[in-house]
2 protein chains.
Amino acid sequence: MDMARTRSSDPYGSGAAAASAGTEGTTTADGRGRSRRGPRTASMADVARLAGVSSQTVSRVSNGYAGVNEETRRAVLAAMKELGYRPNSAARALKRGEFRTIGVITFTLATTGNVRTLEAIATSAAQEGYAVTLLPVAVPTQDEVRGAFSRLEELAVDAVIVIMEVHLLDAATITLPPHVQVVVVDSDAGDRYTVVDTDQAGGTRAAVQHLLDLGHDTVWHLAGPEDSFAAQRRTDAWRAVLTEAGRVPPPLIQGDWSTESGYRAGRELARRQDCTAVFVANDQMALGLQHALHEHGRRVPEDVSVVGFDDIPEAAHFSPPLTTVHQDFAKVGRLCVRAALRKVRGEGAERGTTLVPTRLVVRASTAPPRGAGAR
Amino acid sequence: MDMARTRSSDPYGSGAAAASAGTEGTTTADGRGRSRRGPRTASMADVARLAGVSSQTVSRVSNGYAGVNEETRRAVLAAMKELGYRPNSAARALKRGEFRTIGVITFTLATTGNVRTLEAIATSAAQEGYAVTLLPVAVPTQDEVRGAFSRLEELAVDAVIVIMEVHLLDAATITLPPHVQVVVVDSDAGDRYTVVDTDQAGGTRAAVQHLLDLGHDTVWHLAGPEDSFAAQRRTDAWRAVLTEAGRVPPPLIQGDWSTESGYRAGRELARRQDCTAVFVANDQMALGLQHALHEHGRRVPEDVSVVGFDDIPEAAHFSPPLTTVHQDFAKVGRLCVRAALRKVRGEGAERGTTLVPTRLVVRASTAPPRGAGAR
DNA sequence: CAGTGTTATGTTTACGTAAACATCCTCTGA
DNA sequence: TCAGAGGATGTTTACGTAAACATAACACTG
């Protein structure tokens, strides 16, 4: 569509490499080249020779350009098949100046949100013909982040999606070469980057309001780590809703997204008889919290109501099933890829934040406080 | 070490690109090349010109070869910094014939095991200077798998790690070019591929034996999907242990790894009063199972003992905390990368299976059956 | 002080692809 | 019958890097 090309269905689709299938996995160095293993992979020149055409014609067939005689095309395809030809992506990338690859920098795959987003990104990217290269950052220090970016720059990548708190990014960004596009998830830096994020505030409002509507006097909050913008946004919104409703926000409790930290927080909260409702910043912590509450004889939801955030598939099977804020990770991933590719294609590198809406899923972990009937 | 090189600390480490930092994100096409965005990125030739040396000397500095005069080296480094030079990975890959990238084909990131393994792979690979390219397969059909491999072949990848059931791989493999190395997780095809896997049988034996030792007459089994080798292996081992102990294996219950399927299975099992112990093929299903049992008034572990598999971080906070088989995903990932790289480097492409041991973690979801004290 | 290394650097070339340009046909229409 | 228009194909070249092969300068040795 975009040129004079036909973009026919992938010519290397299936059944290639049959010719050399029986070749043993030779580990010796071959004639030319530097100690590469196995029989050298066929190049366009090889195909061209076999088909009796020029390598340019092979290129044309390979890229699906119109204007190749049907007979010639068939001959070339046959030669490709016989030799098990595959385009060399390095040469292609070098020539075209693009890699058809999106890099994803993420800090951890331990949180469901990151994983689900990553999966959606990979799927969307694949649909667009892009591959996804993963760049894990072991420790969330600026040095590490900078190192990741440094590696990424030498990496074959057209755009970068960062699933991470940006303030770690701030100092590191300066080393980014100007042609690499960045999209960020979980950030408030919409003025500097393109940001795609879940509507943290909206989700939080729904969650907290739900608890207030049930009749709870106030709502406690188990927050995510301080350095997460998502966590911070949820905390801010929680405080705002309570203040607007004329309630006094109880002291903030700090977690780190992990189930374990939820458990620790739960042990604290179980002691407080005045705590009847908790908004937890993610489902994993909510699980730990429920565990602790249960262990200390505080029943959910009779004694304490709990609302989570994420709606991981497991949440429906917690004890009790968790009321939580559903995030559309798939959509976040899709939008990230779309934004990244729009940037790559130069179709308006608009900055700003795109918010993906959330939805409150009410299950069995929330109920009116005891004595609410008396009101 | 491996050559006459010094492999000095990365010359592009930090603070590069400062010169062109202020450049607006120009979206126009530049002079040469095809409509690339932004100021063309500096090449070796540019650096060489600025530093007053040949590009080969730049190459030597870039790759940390010894035998470059200290003064020259400094001049080159300064020029690199000023121009914000980054090696072009496509050209590098083309020249060297390798991409420094490992491809990972996986079917889903919904199961903790896959994710944890992937994360470990990415981390190990990064340490070895390799990037990881993710190739999600949407639907587990042979066509899809073949498509993934087809894409992968054109992708910049030196080796492939497959986290998937191999029988899907069987028919698809034929299209793999001979120089791409494959390592498989979760397979019994050790004769054809290099396989790294958790010691499914050992873990299962420990789990089932633990339940028998507690005094249960027999142990039920909630299995993973039929097409998973890991699931199949666990099922086989479960049956073997029971048979060896002279017990009759109860009918098999089929799940699909998901919490939801565990819940459905749990509803079935809750009805059977003769079921006092269940070995569940993964923790996520165990969560659903516990939920269903609880919902139907069957207490864990008083009425029914449950053992899971995986030891996900959440398992310690289930209600009750889950007794489960701990898998060392990190080690699996590391071994995969090591095997893949050994193949890439041609250091013995040994086939065969490497097993990573497991460990039974006893928590609160298992107990003797009621009336066991009467024995 | 010619001979022989050694060290530092430059020149040529090839990796595989695809854009740009150049041919060479075969029609069409006046 | 031939100019001209297209269609089909070939030739040249460049992408950025790095191996292989020069070369030049210098320090020793006997």
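A, B, ... follow the sequence lines: proteins, then strands. Residue 1 opens every chain. Not measured: the values here are computed from a predicted model.
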Enquirer: For B:Arg74, enumerate each residue passing the side-chain hydrogen bond (donor to acceptor under 3.5 Å, both in side chains) test, keeping only those at least two apart in sequence or located in another chain.
Expert: none
Enquirer: Roughly how many Å is it from OH in B:Tyr65 to C1' in D:dA18, rounded to a whole number?
Expert: 8 Å
Enquirer: Would you list the pairs meeting salt bridge (charged side-chain N to carboxylate O under 4.0 Å, His left out) in which at least one residue belongs to residues 124-136 of chain B, sequence neighbours left out?
Expert: B:Glu128-B:Arg345
Enquirer: B:Ser55: which residues meet the side-chain contact (heavy atoms from CB on, under 4.5 Å) condition with it, sequence neighbours left out?
Expert: B:Met44, B:Ala48
Enquirer: Just the rounded figure in Å: distance from C1' of C:dG16 to CZ of B:Arg96.
Expert: 17 Å
Enquirer: In chain order, what residues pass the side-chain contact (heavy atoms from CB on, under 4.5 Å) check against A:Leu109, with sequence neighbours excluded?
Expert: A:Thr106, A:Val115, A:Leu118, A:Leu134, B:Val115, B:Leu118, B:Glu119
Enquirer: Take atom CG of B:Leu83 and atom P of D:dG16, then tell me their distance rounded to the nearest Å.
Expert: 13 Å
Enquirer: Side chain of A:Ser124, backbone of A:Ala120: donor and acceptor closer than 3.5 Å?
Expert: yes
Enquirer: With sequence neighbours excluded, what pairs up with A:Arg338 under the side-chain hydrogen bond (donor to acceptor under 3.5 Å, both in side chains) test?
Expert: none
Enquirer: Atom NZ of A:Lys95 and atom P of D:dT17: how far apart are they, to the nearest Å?
Expert: 16 Å
Enquirer: Using a strict threshold of under 4.0 Å (side-chain N to carboxylate O), is an ion pair present between A:Arg73 and A:Glu71?
Expert: no
Enquirer: What residues, two or more places apart in sequence or in another chain, satisfy side-chain contact (heavy atoms from CB on, under 4.5 Å) together with B:Ala75?
Expert: none
Enquirer: Which pairs, protein N/O on one side and nucleotides 5-11 of chain D N/O on the other, fall under 3.5 Å?
Expert:
residue	atom	partner	partner atom	Å
D:dT9	OP1	A:Thr72	OG1	2.4
D:dT9	OP2	A:Asn69	N	2.7
D:dT9	OP2	A:Thr72	OG1	3.4
D:dG10	OP2	A:Ser54	N	2.8
D:dG10	OP2	A:Ser54	OG	3.1
D:dG10	OP2	A:Thr57	OG1	2.8
D:dG10	N7	A:Arg60	NH2	2.9

Enquirer: Atom CE of A:Met44 and atom P of C:dC15: how far apart are they, to the nearest Å?
Expert: 15 Å
Enquirer: Please round to 10 degrees the angle between the axis of the first five pairs and the axis of the last five pairs in the helix from C:dC1-D:dG30 to C:dA30-D:dT1.
Expert: 50°
Enquirer: For the pair made of OH in A:Tyr85 and P in C:dA18, what is the distance, rounded to whole Å?
Expert: 6 Å
Enquirer: With the side chain of A:Asn88 defined as its heavy atoms from C-beta on, choose the nearest nucleotide among D:dA18, C:dA19, C:dG16.
Expert: C:dG16
Enquirer: Strictly by salt bridge (charged side-chain N to carboxylate O under 4.0 Å, His left out), give each pair with a member in residues 51-67 of chain A just once, sequence neighbours left out.
Expert: none
Enquirer: Within this structure, what is the CD-to-P distance between A:Glu98 and D:dC15, rounded to whole angstrom?
Expert: 17 Å
Enquirer: Rounded to whole angstroms, how far apart are CZ on B:Arg92 and C1' on C:dA14?
Expert: 18 Å
